[in-house]
Amino acid sequence: MEFGQESAKLVDNLRYQGIGKKVLDAMLLVPRHLFVPTQLRGEAYIDTPLPIGYNQTISAPHMVAIMCDLLDLGEGQNVLEVGTGSGYNAAVMAELVGRTGHVYSVERIAPLAGFAKNNLMDAGCANVTVMLEDGSGGDFPHSPYDRICVTCAAPEIPQPLIEQLKPGGLMVIPVGVASQQLYLVKKDADGTIHKEIKGGVVFVPLVGRFGFSDD
Ligand code: SAH
């Protein structure tokens, strides 16, 4: 594969950072250069966020790896992503849930939803559906979800997203105004919610009804 060696080197570095094997294997299968603007392809396998237009970024590979690892994604799961962006994180999650699973990904900026759809098609990723909507609230098709991955930072965890998590489900979400923390949210079989802080992060804002305002 074009960029194969660079991709293997990047994934090797993530291995030394303690990322689990199934996430590393999935990342090896998803060509990140197909998810960045053409002029940035040469930088696709550097472990850094890159601009994708509209003041948004594709997350750094280590951040995608950490979120996927925390979510403990597996075959057959029904997943919601809020913040499609380039579609890259959705594609990695789609590898992890396999053909019997599906990723529903919500994006609020129309041209980015289009960019992601094209990228996912070019990468041959069939089990992702991109939806153009405000993902901070809403009642999305195929809810409730086994897993929810929010890739933009919310002022607080939106209640509608907690409601769309299945009992036994997991959500990762960056939360914070001045500084942000990555939360892992667990919903027990009886519906009790547990929240754990997993560390400081930097994400673009979740803009919407249950997020930050647009101005
Ligand atoms: N997961 C992406 C990262 C994208 S950055 C990737 O792999 O490339 C976060 C994205 O969240 C941006 O594209 C931004 O437009 C989107 N976003 C922000 N608020 C949103 C909302 N309320 N609903 C849906 N998408 C939102």
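None of these values were measured; they are calculated from a predicted model. Note that ligands are numbered from 1 as they come in the structure, with each ligand's atoms numbered from 1 the same way.
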Taking the side chain as every heavy atom from C-beta outward, state whether [X] and [Y] have any pair of such atoms under 4.5 Å apart.
{"X": "V207", "Y": "C152", "value": "no"}
{"X": "L50", "Y": "T48", "value": "yes"}
{"X": "Y104", "Y": "T129", "value": "yes"}

With heavy atoms under 4.0 Å as the rule, classify the contact between [X] and ligand 1 as side chain, backbone, both or neither.
{"X": "V64", "answer": "neither"}
{"X": "V204", "answer": "side chain"}
{"X": "I109", "answer": "side chain"}
{"X": "P205", "answer": "backbone"}
{"X": "S86", "answer": "both"}

> Taking atom CD of E156 as the centre, does the number of heavy atoms from other residues, nucleotides or ligands within less than 6.0 Å exceed 12?
Replying inline: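 Atom CD in E156 is not crowded, with 12 or fewer foreign heavy atoms closer than 6.0 Å.
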> Of the protein's non-hydrogen atoms, which lies at the shortest distance from atom 4 (C) of ligand 1, and what is that distance?
Replying inline: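 Closest protein heavy atom to atom 4 (C) of ligand 1: T57 O, 3.2 Å.
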> At what distance is the nearest protein heavy atom to atom 12 (C) of ligand 1, and which residue and atom is it?
Replying inline: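 I find the closest protein heavy atom is Q56 OE1, 3.3 Å.
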>> Does ligand 1 come near enough to G135 that some N or O of the ligand is less than 3.5 Å from an N or O of the residue?
In response: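 By distance alone, the answer is yes.
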